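Bear in mind that the values here come from a model prediction, so they are computed numbers and not experimental data. Side chains are part of it too, since the values below use all heavy atoms of this structure and drop only hydrogens, waters and symmetry mates.
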Amino acid sequence: MPENSLRPLSLLLQEKADNSWLHFSSRLAEDNEMLVEAPIKASICHGFALSDFIYNVAMQMPNEFVTLVSETRFYELAPKSYESILEAQIRGCENEMQLHSVLRKFRQLEMVRIAYADLVYKQPLKFCLAALSALADSLISGALSWLNSDCQDKWGKPVNSQGVEQPLLIYAMGKLGGKELNFSSDIDLIFTYPEAGETVGARKSIDNHQYFTRLGQKLITALNQQTADGFVYRVDMRLRPFGESGPLVMSFSALEDYYQEQGRDWERYAMLKARLIGSGDYHEQLQTMLKPFVFRRYIDFSVIESLRKMKMMIAQETRRKRLTNNIKLGAGGIREIEFIVQVFQLIRGGRKVELQERNLLTVLPRLVDTGELSPQSASTLEQAYCFLRRAENIIQALNDEQTQTLPDLALDQERLISAMGFDNWSVFIETLNHHMDAVHQEFNALIGEESPKHSGDDHHWQTVWMSLEREEDLASLISEQAPGIDVTTVAHVLSDFKQELQKRSIGPRGRNMFDKLMPRLLLFVCRENEADVILHRILMIFHRISTRTAYLELLYENEGALKQLIKLCLASEWISEYIAKYPILLDELIDPKLLHNPPSLSSYLPDLQLHLLRVPEDDVEAQMDGLRHFKQSQQLRIAAADVSGVLPLMKVSDHLTALASAILSEVIHQAWGHTSRRFGIPSSLQGTDDKGFIVIGYGKMGGIELGYSSDLDLVFLHNVDANELTNGEKQVPASQFYMKLAQRIMHIFNTRMASGMLYELDMRLRPSGNSGMLVVHMDNFAEYQRNEAWTWEHQALVRARGIYGQPLLIDKFDRIRRDILTLNRESDKLLNDVQTMREKMRAHLDESDKDKVSLKHGRGGLVDIEFLAQYLVLKHAKENPEICLFSDNTRIFESLAKQKLISEEQATQLVKTYQLLRNQGHIATLKNTDSITHEQETIEMMESSYLMCLELLKI
């Protein structure tokens with residue numbers, strides 16, 4: 001044991017080592033006292049001083065730990081083979097619980113070996129990264145081999161149509177794919193298998209897809225599940241085709257079709273590092289199949305546009321998360337180095353085969369050989385990469401945590417500089433900054449810095465901003481360049497803002513930024529007719545961001561973003577207040593397509609999954625924050641398209657509803673994961689993709705008519721025997737499982753965070769209202785609707801539709817809904833119930849008077865038209881079931897006309913009035929005014945609508 005190779009510990013670290021040794025030696029004596037020689041003790045103490053992870057494993061497995069560190073030169077990693085050792089240990093496992101235990105203990109001890117090699121004995125970085133990757137490969141392969149054998153015993157051997165056995169193949173993505181895994185990284189995987197077929201040799205055959213799905217689920221559990229022995233790896237499957245909503249496994253042909261037809265640029269980046277784990281006959285076939293997607297034969301300059309977008313996303317993330325101490329995501333961090341290398345691979349890799357390499361340190365010198373990088377640039381990047389990756393590994397090895405942020409605690413800072421070989425923190429930081437600054441220069445040199453395009457001479461506006469003149473003199477100064485605007489109000493607003501700014505602690509950097517930004521703002525704003533309105537709204541935002549210099553820099557450095565902000569603030573007070581409330585949305589203004597290119601309705605869910613892709617799944621707060629930011633940014637895009645006329649009213653509601661549906665789907669996925677980890681899942685659902693759970697949207701959600709500030713009226717139903725037990729360690733009845741699931745969903749939606757509330761959920765339409773269960777069985781729901789529900793609940797059901805759930809469950813709900821709506825009803829009672837409820841609502845909610853009329857609750861307003869549609873459906877659906885197919889009012893009236901229950905003219909007028917009032921309601925929201933009208937034309941239209949409602953109620 002090379003005791004003399006150990007670096008002396010500082011007083012702080014020696015104190016930590018002594019205290020840890022005291023606890024460990026007493027634990028060792030309790031368990032089974034072993035003799036620990038002085039050199040071994042010195043090595044142990046160094047490990048304890050530098051890593052809580054090493055100490056925790058030692059306390060958990062004291063004898064195994066001492067045996068490990070007593071091996072001669074135990075820390076030497078190259079060459080290191082794990083497979084044969086692990087295979088011998090796994091072979092004796094009789095069930096999955098034993099397998100989980102063996103995998104976790106093996107992982108813990110071998111990670112201790114690697115931690116010692118890195119932190120204490122300073123083995124070369126390439127050996128540590130290779131060992132971490134080889135260990136992961138072995139654990140994945142070992143677990144897969146055992147589980148595959150176990151699954152074949154249960155379900156048979158999967159074969160193709162020729163009887164050839166089919167394997168499950170695993171793509172390692174990201175750093176594992178490049179054999180450069182972090183110490184505490186999650187692992188990104190994609191599962192695939194060669195051909196369709198079914199299993200043979202079991203009592204009942206299942207198709208290959210089902211077999212490999214079950215095998216994949218078991219493998220994820222074997223690696224990902226937290227047990228008393230810890231976990232093996234956090235498994236991330238979100239890089240697979242279609243993301244979280246896609247199948248867990250895909251055949252070769254399905255995989256090829258996806259990447260050829262739907263693969264996106266970011267997936268090309270991801271597939272650069274894709275590597276099949278283990279050895280087999282299919283590697284070359286898969287590589288040949290997917291290479292055309294990743295590497296284009298021509299010099300692929302099309303990737304430059306994607307490069308610019310990705311650079312923008314990196315800058316946004318850095319600013320959003322204030323990643324000043326993040327050595328991966330911060331400016332000049334690991335991500336920028338990876339980015340530089342991968343861009344050259346994508347541009348040139350199709351023609352220069354030598355660049356088709358997964359490992360970054362292997363590619364760098366090849367980029368010099370091919371002339372893409374100068375030797376000096378490559379050396380700069382390599383030195384920085386090795387420095388940053390070693391620092392990253394040490395930070396993560398402190399406590400086996402997935403982090404890239406420099407530590408704040410003095411003890412952890414001391415550990416980091418000791419392992420890195422520095423004498424003090426300031427010298428380490430100086431060296432770190434040197435490397436990161438050099439990387440950022442290379443990064444910017446690749447695609448250029450964005451800088452504002454100064455148009456015209458703005459010295460005058462510099463004078464206006466810096467002027468100490470009185471308000472009236474300031475107005476005169478402004479009028480010299482902008483005589484056509486309300487200079488008095490502009491001067492007043494500007495003067496008030498300057499006085500307010502002087503009271504704030506914004507620091508010299510902030511003041512300098514305002515001195516540069518404000519003249520640019522005044523130059524652009526004072527060209528507009530409503531300069532006073534725009535300036536007031538923008539300065540409201542500037543009040544909020546005055547201490548957040550990064551946002552001021554964003555608006556100064558991106559002239560397009562500043563102009564976008566001006567356009568939006570001119571168009572809508574609601575948008576300006578929305579941005580002021582969530583300043584993080586300023587990032588979205590960088591995209592020049594914001595006003596003219598709303599996303600497609602089908603893209604919200606995949607875009608949301610991509611948005612959350614790099615947020616650790618176990619960081620609940622970050623996931624909730626990510627959901628809120630996505631909603632806010634997408635609502636801003638929809639509102640921008642709305643005010644610019646790109647989206648008409650019906651499409652605005654379609655988009656707002658599609659956005660809410662996507663968020664609901666992701667929330668349920670997160671809540672399901674959280675609940676199933678605690679309790680397992682109902683036993684009958686094991687091995688299926690079905691959650692036995694369905695969500696019903698009512699009101700505006702059901703009618704596809706959401707507005708910007710709408711809450712969500714939802715009802716949760718399940719389709720599992722309420723007494724069926726879950727299959728987790730803590731078993732509960734299905735009824736309790738679904739209640740916990742619903743509570744989790746509501747928690748994610750309703751929790752108020754700094755980033756706001758996601759949506760307000762209204763659950764009062766469930767059976768028995770607030771006194772009823774949060775989730776009821778679908779059969780109980782049908783029974784309640786048939787025998788206990790009030791007329792107003794059947795009215796609500798007219799506007800209800802299934803918005804989440806398996807197609808079979810959606811179909812079942814549709815049948816229940818149709819059966820209830822087509823019940824035979826007594827006409828007089830129905831009319832009386834509907835009119836009584838309507839008058840009760842009008843008495844409590846209608847704010848109309850002789851000068852103004854409520855668009856929603858006034859006579860002939862939105863609610864009158866909605867009640868009419870509900871009444872006509874409930875009255876006539878028995879004889880005309882076609883009219884209850886749709887849940888939105890427009891198509892309900894069209895259906896009523898088609899069945900000759902109302903005339904075409906009546907349907908047209910009602911739809912026209914309804915859409916006009918909804919449109920005016922949208923406009924009122926964007927202008928931040930009440931949903932009322934003073935316009936005589938609108939009031940007359942509503943009065944005509946009211947008379948028609950009265951007429952049709954009598955039919």
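- Ring centroid separation for the pair His922 and Tyr708 comes in under the 6.0 Å cut-off.
- By the neighbour-count criterion of 12 heavy atoms within 6.0 Å, atom CD of Glu788 is densely surrounded, having more than that number from other residues, nucleotides or ligands.
- Taking the side chain as every heavy atom from C-beta outward, Gln152 and Tyr211 approach each other to under 4.5 Å.
- Using a 4.0 Å cut-off between a side-chain N of Lys or Arg and a carboxylate O of Asp or Glu, Lys218 and Glu96 qualify as a salt bridge.
- Using a 4.0 Å cut-off between charged nitrogen and carboxylate oxygen, Asp888 and Arg799 do not count as a salt-bridge pair.
- In this structure a side-chain-to-backbone donor-acceptor pair under 3.5 Å is present from Asp207 to Gln210.
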ask   = Should Leu774 and Tyr738 be marked as a side-chain contact (heavy atoms from CB on, under 4.5 Å) after you check the CA-CA gap, both sets of side-chain angles, and the distance that decides it?
value = CA-CA 8 Å; Leu774 278 178; Tyr738 284 113; over 6 Å; no

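- Residues Leu215 and Trp155 form no side-chain contact, since every pair of their non-hydrogen atoms from C-beta on lies 4.5 Å or further apart.
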Derivation and outcome, side-chain contact (heavy atoms from CB on, under 4.5 Å), residues Gln806 and Asp689 = CA-CA 9 Å; Gln806 289 283 335; Asp689 293 330; 4.3 Å; yes

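- Within the 4.5 Å cutoff, no side-chain heavy atoms of Phe231 are placed close to those of Thr227.
- Ring pair Tyr871/Phe867: centre-to-centre distance not below 6.0 Å.
- Counting only heavy atoms from C-beta outward, the side chains of Leu248 and Ile220 approach each other to under 4.5 Å.
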query = Between Gln217 and Gln686, is a side-chain contact (heavy atoms from CB on, under 4.5 Å) present by the stated rule, with each step listed?
reply = CA-CA 10 Å; Gln217 289 168 338; Gln686 189 168 354; over 6 Å; no

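- With a 4.5 Å cut-off on side-chain heavy atoms, Tyr604 and Lys631 do not count as touching.
- Side chains of Ser848 and Arg859 form no contact here, defined as non-hydrogen atoms less than 4.5 Å apart.
- Aromatic ring centres of His611 and His629: separated by under 6.0 Å.
- Other residues, nucleotides and ligands place no more than 12 heavy atoms under 6.0 Å from the CE atom of Met97.
- Ion pairing between Arg842 and Glu839 holds under the 4.0 Å rule for side-chain N and carboxylate O.
- Figure legend: Lys691 and Trp672 shown as a cation-pi pair, the cationic atom lying under 6.0 angstrom from the six-membered ring centre and within 45 degrees of its axis.
- Note on Lys829 versus Asp833: salt bridge recorded, some NZ/NE/NH1/NH2 to OD/OE distance being below 4.0 Å.
- A side-chain N or O of Gln670 and one of Glu666 form a donor-acceptor pair less than 3.5 Å apart.
- Under the 6.0 Å cut-off for aromatic ring centres, Phe716 and Phe693 qualify, their centroids lying closer than that.
- Side-chain contact check for Phe212 versus Ser251: every heavy-atom pair is 4.5 Å or farther apart.
- When all heavy atoms of Glu760 and Asn750 are compared, the pair lying nearest together is CA-OD1, 3.8 Å.
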query = Please walk me through it: do Arg817 and Arg801 pass side-chain contact (heavy atoms from CB on, under 4.5 Å)?
reply = CA-CA 9 Å; Arg817 176 177 176 272; Arg801 64 188 176 92; over 6 Å; no

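- Residues Asp713 and Lys700 are not paired through a salt bridge, judged by the lack of any N-O separation under 4.0 Å between the basic side chain and the carboxylate.
- Under the ring pair (Phe, Tyr, Trp, His ring centres under 6.0 Å) criterion, Tyr759 pairs with no residue at all, not counting sequence neighbours.
- In summary, of the residues considered (Ser735, Ser683, Ser684), a side chain to side chain donor-acceptor pair (under 3.5 Å) with Glu724 occurs for Ser684 alone.
- Using a 4.5 Å heavy-atom cutoff, the side chains of Asp186 and Asn224 are not in contact.
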